[in-house]
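Everything quoted here is computed from the prediction, not taken from an experiment. Chain identifiers are assigned alphabetically (A, B, ...) following the order of the sequence lines, protein sequences preceding nucleic acid strands; residue numbering begins at 1 within each chain.
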2 protein chains.
Amino acid sequence: MQTRRYHHGDLRAALLTRAERTLREKGPGALSLRELARDLGVSHAAPSRHFKDKQALLDALALAGFERLDEALAGSRAAGETFADRLGGLVRAYVDFALANAELLDLMYTVKHDPAASEELITAAQRLGAMAVELVAEGQRSGEVREGPVDDIGMPVFTTLHGFASFAVSSVLSAEEVESGLDAVIAYMVRGCAPS
Amino acid sequence: MQTRRYHHGDLRAALLTRAERTLREKGPGALSLRELARDLGVSHAAPSRHFKDKQALLDALALAGFERLDEALAGSRAAGETFADRLGGLVRAYVDFALANAELLDLMYTVKHDPAASEELITAAQRLGAMAVELVAEGQRSGEVREGPVDDIGMPVFTTLHGFASFAVSSVLSAEEVESGLDAVIAYMVRGCAPS
DNA sequence: ACCTGAACACCGTTCAAGT
DNA sequence: ACCTGAACACCGTTCAAGT
């Protein structure tokens with residue numbers, strides 16, 4: 001029998017860690033503040049000191065997800081000689097994150113009904129998009145990407161990236177189809193539909 | 001004071017209609033079986049005759065959404081002389097549906113934690129993808145789309161379509177950015193990133 | 001066949017009170 | 001500053017009973 005510990009300031013972090021574990025193992029429907037509190041050995045009212053309501057905890061979880069995805073994508077950009085290689089690395093990293101964090105990615109992009117509250121999350125997503133735009137800008141400088149407003153190419157690239165990962169997450173594409181489709185997606189991002 | 005009506009078999013339909021309205025007006029968090037029953041003037045236990053649990057109602061709602069999106073996309077395919085025109089019509093129709101049914105589209109692609117239960121929904125999404133693949137196949141026959149396995153081009157096209165709509169729905173792109181970005185997305189789907 | 005009413009075991013949120 | 005315990009108004013689900 002352990003004495004009741006005070007969570008000396010780390011309850012907030014403990015709630016987030018535990019919440020992500022529950023999200024992964026039991027799905028978003030099973031996420032309850034009271035159960036979280038029970039799991040961590042605090043009273044059911046304790047979480048409210050750190051998150052004003054359940055949505056605030058979900059938002060914090062989503063934001064942490066964006067930060068980790070950001071790091072994963074930034075790390076993927078070093079490798080690759082050509083534009084297509086670097087693009088492939090970005091897609092690979094995004095898809096890997098999606099497969100390893102399906103429920104979390106879903107949460108990150110879930111429609112919040114209060115638009116003001118999710119401003120921070122939208123900014124985080126746009127920061128991700130900026131990485132795709134930056135990659136395209138590099139490609140333009142090296143002549144591997146066609147001329148034109150960089151957003152006109154970078155935004156659709158990010159869109160394809162996200163759509164592919166989203167289909168992986170929602171099982172529209174099976175894990176095998178994701179693996180075998182990766183090269184086709186990259187080729188399409190580079191060449192589009194049109195004949196050479 | 002109206003006498004308590006029996007819903008002579010249409011309670012199921014009434015629940016779905018009302019649920020979609022609540023989803024649209026108050027968001028998914030506000031969707032409660034008990035409130036739905038109250039709104040329709042039946043006891044809180046009545047819905048269980050028609051949906052075994054809340055998830056079953058959500059699944060039925062999502063499935064109805066796929067059917068309507070299916071019709072909207074099928075209707076969009078008549079118009080357009082060139083491949084690019086028909087592709088544009090498809091994107092336009094998908095985006096219009098997304099903007100008009102944001103919460104519903106989100107629900108349609110939300111990760112279900114029970115993979116078996118959502119088999120029907122996955123099939124519905126794949127039927128949508130088949131429309132993109134068919135469009136690409138037509139383009140190949142007319143020589144407007146490059147050679148190669150049709151899925152290698154059709155799947156990424158559907159991916160871009162969905163990713164763009166998904167960003168519209170989750171406010172990563174504002175309504176204005178969606179409008180002004182449409183042409184860029186279509187051009188990218190046709191030409192990709194590479195120089196001509 | 002379809003619905004009611006009561007019951008059960010949960011929720012999220014708030015707030016005085018404790019340490 | 002941080003947490004507890006009780007209270008409130010809700011849930012989803014089940015099941016005997018009614019029509």
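- For the pair Glu103(B) (side chain) and Gly27(B) (backbone), a donor-acceptor distance under 3.5 Å is absent.
- Here the C1' atom of nucleotide dG12(D) and the CG atom of Leu15(B) are 14 Å apart, to the nearest Å.
- Atom C1' of nucleotide dC11(C) and atom NZ of Lys26(A) are separated by 15 Å, given to the nearest angstrom.
- Summarising the geometry, the separation between NE2 on His44(A) and C1' on dA6(D) is reported as 8 Å, rounded to the nearest angstrom.
- In this entry the distance linking CZ of Arg12(B) with P of dC3(C) reads 13 Å, nearest Å.
- The nearest whole Å value for the distance from the NZ atom in Lys54(B) to the P atom in dC11(D) is 9 Å.
- Note that NE2 of His44(A) is 14.5 Å distant from CD of Glu35(A), once rounded to the nearest 0.5 Å.
- Lys52(B) places no side-chain N or O within donor-acceptor distance of the main-chain N or O of Leu57(B), the cut-off being under 3.5 Å.
- Searching all strands for a Watson-Crick or G-U wobble partner of dT13(D) with both distances below 3.5 Å returns dA7(C).
- Atom CG in Leu31(A) sits about 13 Å away from atom C1' in dG12(C), given to the nearest Å.
- Considering only side-chain N and O atoms, Ser32(A) lies under 4.0 angstrom from the phosphate OP1 or OP2 of dG12(C).
- The separation between Leu11(B) atom CG and dC3(C) atom P is 5 Å, rounded to whole Å.
- Remark: the Thr160(A) side chain and the Thr160(B) side chain contain an N/O donor-acceptor pair separated by less than 3.5 Å.
- Side-chain atoms of Ser48(B) lie closest to dT14(D) of the nucleotides dC3(D), dT4(D), dT14(D).
- Taking atom CG on Asp10(B) and atom P on dC2(C), their separation rounds to 11 Å, with Å as the unit.
- For the pair Glu35(A) and Ala45(A), both in contact range of DNA chain C, the more 5′-proximal nearest nucleotide belongs to Glu35(A).
- Taking a pair to require two hydrogen-bonding distances under 3.5 Å in either a Watson-Crick or a G-U wobble arrangement, dT19(D) pairs with dA1(C).
- One N or O donor and one acceptor, one from the side chain of Arg34(A) and one from the base of dT13(C), sit under 3.5 Å apart.
- No donor-acceptor distance shorter than 3.5 angstrom exists from the side chain of Arg191(A) to the backbone of Ala194(B), with no hydrogens or angles considered.
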